[in-house]
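Heads up, the thing below is written out as structure tokens.
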Amino acid sequence: MIKAELTTSEQQFLASLKMLNENFYTRKDVVKISKELLGKIIVTYFDNRLTAARITETEAYNGIVDKASHAYNNRRTKRTEIMYASGGAAYVYLCYGIHHLFNVVTNLKDVPNAVLVRAAEPLIGIETMLYRTRKTKPDYTLTSGPGNVSKALGIYTHHTGIDLRSNHFFIAEDSYTVSNKNIITTTRIGVDYAAEDALLPYRFLIKDNKYVTKLPKLNS
DNA sequence: CCAATGATTGCCT
DNA sequence: GGCAATCATTGGC
């Protein structure tokens with residue numbers, strides 16, 4: 001991105017961030033990374049528009065042993081190939097023919113783990129998010145739900161494979177932290193087909209944050 | 001080749 | 001709570 005095209009407040013915002021490094025993503029515990037991504041900030045600079053949102057809800061997908069994962073049983077197809085990349089790449093796929101779901105690839109090369117970002121809190125570029133989602137009010141639904149997160153931030157399937165340390169698409173941290181006691185853990189959404197793995201406690205939300213999805217399932 | 005379907009959303013009653 | 005929208009991917013033939 002070109003600094004001169006940004007407003008002063010946007011530049012100040014970016015200056016307060018520290019991009020997550022490769023070591024964050026290549027660690028082996030996808031559940032731990034999934035929790036740690038809560039509170040982190042997704043930044044996109046597409047179409048000369050800066051948007052940023054704080055992650056409030058994630059789900060972990062534990063590779064070849066997880067029946068809910070696209071890479072279960074080492075399934076390796078054109079679509080899932082990016083999951084086998086080294087941690088830190090974007091995996092965006094189309095769901096229900098309509099929704100572009102954004103995932104963060106984690107773990108080492110050839111270990112296909114990923115974290116689905118299910119909700120976020122808008123920070124920067126709310127006007128742009130409203131425009132992209134064709135909404136009129138910035139209520140919690142603007143970036144609540146994985147399809148809405150991508151729509152608001154301008155993320156599409158063609159962004160699959162992008163390194164999340166790119167200057168136009170990255171994840172960063174600021175001074176905000178989430179303590180363990182402020183993390184709600186539940187089962188994952190929409191994975192009933194995964195038999196016993198549907199019961200795994202792999203969904204994480206920031207407690208008391210309104211920018212999360214509804215809880216249609218058993219909460220804890 | 002082709003039918004089935006999904007890590008969802010929004011609008012309906 | 002029910003259900004339609006909508007299509008790339010997947011796997012079976």
Side-chain angles (χ1 to χ4, degrees), chain A residues 25 30-31 33-35 37-38 42 53 55-85 87 89-107 111-122 129-161 164 171 184-205 210-219:
Chain A
Y25 300 106
V30 67
V31 170
I33 295 174
S34 190
K35 285 193 223 177
L37 278 171
L38 293 176
I42 306 171
I55 298 169
T56 57
E57 179 174 337
T58 61
E59 281 179 359
Y61 285 84
N62 190 24
I64 66 174
V65 298
D66 181 355
K67 289 181 178 170
S69 170
H70 289 166
Y72 172 62
N73 201 22
N74 222 36
R75 188 160 52 135
R76 200 159 182 154
T77 65
K78 194 171 180 183
R79 180 178 69 159
T80 63
E81 187 61 29
I82 192 61
M83 290 185 73
Y84 292 79
Y91 169 39
V92 188
Y93 74 95
L94 192 63
C95 186
Y96 293 101
I98 306 171
H99 308 292
H100 298 248
L101 304 207
F102 169 53
N103 299 252
V104 178
V105 174
T106 70
N107 213 315
V111 185
N113 291 1
V115 175
L116 171 68
V117 176
R118 289 189 49 85
E121 175 175 349
M129 296 186 195
L130 289 170
Y131 168 77
R132 285 173 176 157
T133 57
R134 294 166 219 258
K135 292 182 179 181
T136 52
K137 282 185 284 190
D139 63 7
Y140 78 95
T141 66
L142 182 60
T143 48
S144 166
N148 288 331
V149 170
S150 298
K151 203 171 180 184
L153 295 175
I155 300 169
Y156 295 92
T157 53
H158 69 260
H159 294 300
T160 274
L164 290 171
I171 299 178
I184 297 173
T185 302
T186 79
T187 54
R188 294 172 293 186
I189 303 298
V191 297
D192 293 341
Y193 60 86
E196 72 274 13
D197 288 346
L199 302 175
L200 292 170
Y202 281 1
R203 174 173 175 237
F204 308 101
L205 309 83
K210 62 179 177 175
Y211 292 93
V212 297
T213 61
K214 297 287 186 186
L215 303 173
K217 287 197 170 181
L218 186 66
N219 202 352

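Letters A, B, ... are given to chains in the order of the sequence lines, protein chains preceding strands, and every chain is numbered from 1.
- The partner of C:dG1 is B:dC12, by the rule that a Watson-Crick or G-U pair needs both atom distances under 3.5 Å.
- Across the protein-nucleic acid pair, A:Glu59 atom CD and B:dT8 atom P stand 7 Å apart, rounded to whole Å.
- Here A:Lys67 lies out of heavy-atom contact (under 4.0 Å) with every strand.
- Neither OP1 nor OP2 of B:dA7 sits under 4.0 Å from any side-chain N or O of A:Arg203.
- Stacking between A:Tyr93 and B:dA7 is absent: the ring centroid is not both under 5.5 Å from the six-membered base ring centre and under 30° in plane angle.
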Inset, instruction - Please lay out, stage by stage, how A:Tyr61 and A:Val191 fare under the test side-chain contact (heavy atoms from CB on, under 4.5 Å). - result: CA-CA 11 Å; A:Tyr61 285 84; A:Val191 297; 3.7 Å; yes
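- At least one donor-acceptor pair closer than 3.5 Å links the side chain of A:Arg75 to the backbone N or O of A:His70.
- Closest to the side chain of A:Lys135, from the set C:dA8, B:dG10, C:dT10, is B:dG10.
- When the nearest nucleotides of DNA chain B are assigned to A:Ser69 and A:Thr141 by heavy-atom distance, the more 5′-ward of the two goes with A:Ser69.
- When rounded to the nearest whole Å, the span between CG of A:Asn73 and P of C:dT10 equals 14 Å.
- Side chains of A:Leu200 and A:Thr187 form no contact here, defined as non-hydrogen atoms less than 4.5 Å apart.
- Between A:Arg75 and C:dG11, a side-chain N or O to OP1/OP2 separation shorter than 4.0 Å is present.
- Checking B:dA3 for Watson-Crick or G-U wobble geometry (two distances, each under 3.5 Å) identifies C:dT10 as its partner.
- At distances below 3.5 Å, not a single donor-acceptor pair connects side-chain atoms of A:Ser150 with backbone N or O atoms of A:Gly147.
- As a whole-Å value, the separation of A:Asn113 CG from B:dA7 P is 17 Å.
- Proximity of A:Tyr193 to the phosphate of B:dT5: no side-chain N or O atom is located under 4.0 Å from OP1 or OP2.
- Remark: the A:His99 side chain and the B:dA7 base include no donor-acceptor N/O pair separated by less than 3.5 Å.
- When heavy atoms are screened at a 4.0 angstrom cut-off, A:Ile98 is found touching base atoms of the nucleic acid.
- Between the side chains of A:Ser144 and A:Thr141, no donor-acceptor pair of N or O atoms lies under 3.5 Å.
- In terms of modelled atom types and a separation under 3.5 Å, the side chain of A:Thr58 and the main chain of A:Ser34 share a donor-acceptor contact.
- What separates CE of A:Met83 from P of B:dA7 is a distance of 11 Å, to the nearest Å.
- As a whole-Å value, the separation of A:His70 NE2 from B:dT8 P is 9 Å.
- Closest to the side chain of A:Cys95, out of C:dT10, B:dT8, C:dT6, is B:dT8.
- A:Leu116 comes within 4.0 angstrom of a base, heavy atoms only.
- Between A:Glu81 atom CD and C:dT10 atom P there is a gap of 11 Å when expressed in whole angstrom units.
- The same atom, P, is picked in C:dT6 and in B:dC2; the two are 23 Å apart, to the nearest Å.
- Between the OH atom of A:Tyr140 and the P atom of B:dG10 there is a distance of 10 Å, rounded to whole Å.
- Straight-line distance from the CZ atom of A:Phe102 to the C1' atom of B:dT8: 17 Å, rounded to whole Å.
- The side chain of A:Thr77 sits closest to C:dT10 out of B:dA7, C:dT10, B:dT9.
- For A:Asn148, taking side-chain heavy atoms from C-beta onward, the closest of the listed nucleotides C:dT10, C:dC7, B:dT9 is B:dT9.
- Across the C1' atoms, C:dC3 and B:dT5 are found 16 Å apart, a figure rounded to whole Å.
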